[in-house]
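A short worksheet on the structure shown next.
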Amino acid sequence: MGSALPGQMKTATMAVLAAKCVAICATVLVAVCLPGRAWAHVDGRVSVRVVHFTYDAAGMTAYYRVSLAPLGPAPYVVARKESGQWFHYVDTAAVDPLAAARVLAAAHTVSVDGRTVAPNVLAAAVHVKGSVPPFATPAQARAAAATRTPLPAAMPDIGDVVLDAAIAYPGVRPAAFRFTGTLAPGKLSDAPLNTILLSHRAGTTDQYRMDGAAIDVNPSWWLSAWQFIHAGAAHILEGADHLLLVVCLVAGGMRLRAIALRITAFSAGHACAIAASFYGLLPDRPWLIPGVELLIALSVLGTALLMLGRRERGGAPALVFVVGLVHGCGLAVGLRDLLSDTGPNVVASLVSFNVGVEAGQLLVGAAVWLLLAGARGLAPGRDDGMRRCVALGVALVSLAWVMERTGPVWDALQTGVA
């Protein structure tokens with residue numbers, strides 16, 4: 001009778017552990033199926049905000065390129081309900097670029113030593129995807145804001161339209177100032193808002209990635225690098241597909257050195273893909289964005305299936321590097337589509353950003369390792385069962401992604417053939 005108690009306790013412990021695993025899997029599935037998904041890529045599309053800051057004797061001129069969606073409702077926005085969902089289009093005959101630019105100026109603040117500088121709109125133009133002029137240099141940005149390209153008669157999707165504007169801030173010198181913006185994604189589109197700021201002074205260009213509502217422009221070099229490191233670490237937490245892959249990389253084999261090597265290989269692939277996109281090395285085809293999204297889902301599914309097979313199978317670093325290339329393309333192609341180029345001086349920013357990505361992944365990996373190590377302590381000798389339980393949950397989620405993302409690929413391939 002007494003000898004049966006340890007076995008009963010062990011059975012109860014395993015039952016509790018199994019229940020927790022099932023609950024975690026169910027929670028993940030519910031979170032993925034809820035509306036307003038927080039995936040890293042959201043069908044590959046993003047809203048953009050790019051600002052070139054230039055300086056002369058009169059002060060500073062900021063050249064903005066902003067997607068129209070974050071500006072919110074306006075007289076030129078037409079809402080239509082199609083298949084039970086709301087879509088927003090732009091009435092190109094009703095859009096007034098200067099009026100939109102004034103809304104843009106009101107949504108941003110430039111302050112020096114706590115003093116707000118009044119903006120003055122100089123020029124503005126609206127461009128539709130397919131005829132968006134380059135915006136890589138101040139000269140190109142100045143021309144883009146001053147040149148009004150022909151707009152189609154058919155109403156384009158609001159996600160395919162950008163506003164270029166030149167706004168003056170008198171008296172602002174090429175020194176430190178605070179830039180604040182109230183634009184936010186989700187007003188007329190689910191696409192995330194990605195912001196790049198470029199400050200051109202003394203023959204050099206400093207580049208910043210803005211993730212919050214405010215940022216200090218022209219700070220010391222170390223503060224600038226820290227801003228990109230912080231942005232890179234935050235990026236890894238933005239998407240469930242990234243996070244589930246990191247979970248697989250850790251749960252596939254619990255040796256710390258092997259885990260660090262796999263996560264580093266993933267970061268290297270991620271960095272190479274983003275750099276390749278910034279330098280225009282990725283193909284420009286209609287199937288690219290949905291194809292990359294499908295490959296991301298397949299990579300997570302494949303990694304989970306590997307975990308269901310042989311024990312301690314975390315994936316060879318070379319294979320993980322290839323998976324990192326695919327995941328990096330998911331973010332990169334969306335940014336490249338409307339930015340055209342990222343301007344000069346991207347190398348230092350890319351290095352800092354990817355250092356942040358690496359740090360974020362190691363942090364997530366460490367948290368997952370601690371949780372799994374604690375579970376191993378509760379149920380010693382059950383490593384294979386726990387690994388398969390995690391793999392099964394990840395496989396179910398990624399399989400749902402595969403089914404959802406296959407349709408857009410087929411549609412894009414048919415469009416390309418037609």
Side-chain angles (χ1 to χ4, degrees), residues 46-56 58-79 88-128 132 135 138 141-142 144-148 151 158-173 175-200 208-218 338-339:
V46 296
S47 294
V48 298
R49 174 173 51 189
V50 184
V51 188
H52 290 273
F53 298 110
T54 64
Y55 311 89
D56 56 27
M60 180 181 75
T61 301
Y63 296 96
Y64 291 80
R65 167 163 289 178
V66 180
S67 301
L68 279 188
L71 292 179
Y76 53 78
V77 176
V78 178
H88 297 88
Y89 301 90
V90 175
D91 184 352
T92 54
V95 65
D96 182 350
L98 288 175
R102 286 190 285 271
V103 174
L104 176 67
H108 296 85
T109 301
V110 171
S111 56
V112 180
D113 297 328
R115 178 182 60 87
T116 300
V117 181
N120 179 27
V121 176
L122 303 177
V126 169
H127 307 289
V128 178
V132 178
F135 204 77
R142 187 180 303 110
T147 304
R148 298 193 177 186
L151 301 178
I158 195 169
D160 295 333
V161 186
V162 296
L163 170 68
D164 291 339
I167 301 176
Y169 296 90
V172 177
R173 304 304 177 193
F177 65 88
R178 191 160 186 80
F179 180 74
T180 306
T182 58
L183 297 185
K187 291 183 178 180
L188 299 178
S189 171
D190 291 333
L193 178 63
N194 286 275
T195 300
I196 294 178
L197 310 177
L198 302 108
S199 178
H200 307 273
Y208 312 88
R209 186 179 298 274
M210 181 178 175
D211 292 309
I215 189 173
D216 293 315
V217 180
N218 300 330
L338 285 177
L339 289 179

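We number each residue from 1, following the sequence as shown. Just so we're clear, the structure is a prediction, and the values are computed from it rather than from any experiment.
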For [X] against [Y], the heavy-atom pair lying closest together:
X      : Y      : answer
Arg178 : Ala214 : NH2-CB, 3.5 Å
Gly59  : Arg173 : N-NH1, 4.0 Å
Ala125 : Arg148 : CB-CG, 3.9 Å
Ser47  : Ala69  : OG-CB, 4.3 Å

Check whether Ser67 reaches the backbone of Val48 with its side chain - one donor and one acceptor, N or O, closer than 3.5 Å.
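Confirmed, Ser67 side chain pairs with Val48 backbone.
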Trace of the side-chain contact (heavy atoms from CB on, under 4.5 Å) decision for Tyr64 with Leu163:
CA-CA 8 Å; Tyr64 291 80; Leu163 170 68; over 6 Å; no
Val162 and Val132: side-chain contact (heavy atoms from CB on, under 4.5 Å), yes or no, with the steps?
CA-CA 8 Å; Val162 296; Val132 178; 4.2 Å; yes
To the nearest 0.5 angstrom, please state how far the [atom1] atom of [X] sits from the [atom2] atom of [Y].
X      : Y      : atom1 : atom2 : answer
Thr54  : Leu198 : OG1   : CG    : 11.5 Å
Ile167 : Met60  : CD1   : CE    : 9.5 Å
Leu68  : His88  : CG    : NE2   : 12.5 Å
His127 : Asp160 : NE2   : CG    : 14.5 Å
Leu183 : Thr195 : CG    : OG1   : 8.0 Å

Tell me which donor-acceptor pairs under 3.5 Å the side chains of residues 94-121 have, and how far apart each pair is, sequence neighbours excluded?
from   : atom 1 : to     : atom 2 : distance (Å)
Asp96  : OD1    : Leu98  : N      : 3.2
His108 : ND1    : Leu104 : O      : 2.8
His108 : NE2    : Arg49  : NH1    : 3.1

Stepwise side-chain contact (heavy atoms from CB on, under 4.5 Å) test for Val51 and Tyr63:
CA-CA 5 Å; Val51 188; Tyr63 296 96; over 6 Å; no
State whether a side-chain donor-acceptor pair under 3.5 Å links Tyr55 with Ser199.
yes
Going by the rule salt bridge (Lys or Arg N to Asp or Glu O under 4.0 Å), which residues pair with Asp91 if we only count those two or more places apart in sequence or in a different chain?
none
Side chains of Leu122 and Thr61 in contact at under 4.5 Å (non-hydrogen atoms)
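Side chain of Leu122 against side chain of Thr61, heavy atoms only: contact under 4.5 Å found.
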I want to check something: taking the side chain as every heavy atom from C-beta on, are Ile196 and Tyr208 in contact at a cut-off of under 4.5 Å?
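Side-chain contact under 4.5 Å: no.
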What about the rings of Tyr169 and Phe177, do their centers lie closer together than 6.0 Å?
no
For residues His52 and Phe135, establish whether the separation of their ring centroids is below 6.0 Å.
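Yes; Phe135 has its ring centre under 6.0 Å from that of His52.
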Are Phe179 and Met210 close enough, and set up right, to give a side-chain contact (heavy atoms from CB on, under 4.5 Å), and what steps lead you there?
CA-CA 10 Å; Phe179 180 74; Met210 181 178 175; 3.8 Å; yes
